[in-house]
Amino acid sequence: MITYSVVVKMYLNAGIPESAVQVLEMMENQNDIEPDSCLIHYMFRVYHKCNMPVKAAELYYRIVRAGLKWDGAMYNCIINCCGRALPIDEVSKVYDDMIKSGFLPNTITINVMIDIYGKAGLLAKAYNVLRLARKHTLSDIISYNTLISAYGKWKDYARMEETLHEIHRGGFPVSIEACNSMLDAYGKAGQLKEFQDVLEQMRTTGCNFDLMTYNIMLNVYGKHGLVEEITDILSKLKEGGLQPD
RNA sequence: GCCUCUU
């Protein structure tokens, strides 16, 4: 078992988790190996990196059945590596459990939880995660970007704009990801006035457009048949040597 | 260490 840990860890650190998967398959075929918490960590990371949500979820249910106590690192690992592979109620339970047991999530766990709740439309829960994070200075610009994207997806434009103001108040520079999320939200909703306002804000604050910005603009203008604008963007992209998708 | 957000 120690040997498996060492080898799996080595492949992970070498950036070739695919090889680690092969080793884990050998281990499974051996049947009599009970991974310790250290190896379980590595296994979660391997399945996450190799996009194997079914294996990650299997491993999760296996350690739940084992009924051992988890430390803070294990909670972080589970949420980071298989949060999206589990039903929302299950991740929610893990997260609540973590807090109740007195462990503080790390920033990435915070951001994953905001994203999971946000994508599921559980916006109040997403916001509560951010509040907890702020209280312990665990939030970063990605926490805000993620929440903005969630409010945009679910058309809560007031809270979306409010979150943008919170970024300003928190002293973070406004990020291109937040702006792109807002553009996409307004664009999809056909709110072209607000869409233009965001673009104007970006110009005045010196937030440079990136390829994603142009892709969003192309989608929106295309849907509304704004031929001249499209032509203009395409020539700008050509100048920059960029390819829209 | 975990490496998370936008078409």
Side-chain angles (χ1 to χ4, degrees), chain A residues 5 8-10 12-13 15 17 37-51 53 56 70-85 91 94-95 98 103-120 123 126-127 129-130 133 138-154 160 163-164 166-167 172-190 195 198-199 202 207-224 230 233-234 237 242-245:
Chain A
S5 281
V8 169
K9 180 186 179 175
M10 183 199 68
L12 257 178
N13 292 337
S37 74
C38 189
L39 179 53
I40 289 168
H41 266 93
Y42 298 141
M43 291 169 75
F44 272 126
R45 288 176 55 199
V46 167
Y47 293 143
H48 181 239
K49 279 203 191 292
C50 293
N51 250 315
W70 300 339
D71 60 7
M74 184 61 92
Y75 280 106
N76 279 320
C77 181
I78 290 168
I79 293 172
N80 295 343
C81 296
C82 78
R84 292 168 217 283
V91 209
V94 173
Y95 176 77
M98 178 178 197
F103 297 112
L104 265 185
N106 64 25
T107 299
I108 293 175
T109 300
I110 291 289
N111 293 342
V112 170
M113 285 311 301
I114 294 174
D115 192 46
I116 288 174
Y117 283 142
K119 292 226 161 57
L123 299 176
Y127 182 67
V129 176
L130 179 67
L138 291 165
S139 55
D140 65 3
I141 186 64
I142 294 183
S143 317
Y144 289 94
N145 292 344
T146 309
L147 191 63
I148 282 179
S149 160
Y151 284 138
K153 178 180 161 75
W154 295 97
M160 181 176 79
T163 307
L164 186 70
E166 284 187 33
I167 293 181
F172 293 108
V174 171
S175 68
I176 184 71
E177 288 87 354
C179 293
N180 287 341
S181 293
M182 295 182 61
L183 286 172
D184 184 52
Y186 284 135
K188 285 214 172 96
F195 186 87
V198 176
L199 288 178
M202 290 170 73
C207 182
N208 290 327
F209 295 10
D210 66 3
L211 180 58
M212 182 81 71
T213 315
Y214 290 117
N215 279 328
I216 295 168
M217 291 168 82
L218 287 173
N219 279 315
V220 173
Y221 293 156
K223 217 184 290 175
H224 290 85
I230 299 257
I233 293 167
L234 288 177
L237 284 171
L242 298 171
Q243 290 266 351
D245 42 51

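Computation of the quantities below employed the complete heavy-atom set of this structure, encompassing side-chain atoms and omitting hydrogens, waters and symmetry-equivalent molecules. Letters go in sequence order (proteins before strands), and every chain restarts at 1.
By the 30° and 60° cut-offs, the orientation of the rings of A/Y75 relative to A/F103 is tilted.
A/R84 pairs by the salt bridge (charged side-chain N to carboxylate O under 4.0 Å, His left out) definition with A/D115, not counting sequence neighbours.
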*Where along nucleotides 2-7 of chain B does protein come under 4.0 Å, by heavy atom, of base (B) or sugar-phosphate alone (S), with - for untouched nucleotides?*
BBBBBB

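A donor-acceptor pair under 3.5 Å is formed between the side chain of A/T107 and the backbone N or O of A/L138.
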Return all side-chain donor-acceptor pairs below 3.5 angstrom for residues 39-46 of chain A, not counting sequence neighbours, or 'none' if the list is empty.
| residue | atom | partner | partner atom | Å |
| --- | --- | --- | --- | --- |
| A/H41 | ND1 | A/S37 | O | 3.0 |
| A/H41 | NE2 | A/A73 | O | 3.4 |

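Side chain to side chain, A/D140 and A/S143 meet the donor-acceptor criterion of an N or O pair below 3.5 Å.
Computed from coordinates, the A/L39 CG to B/G1 C1' distance equals 17 Å when rounded to whole Å.
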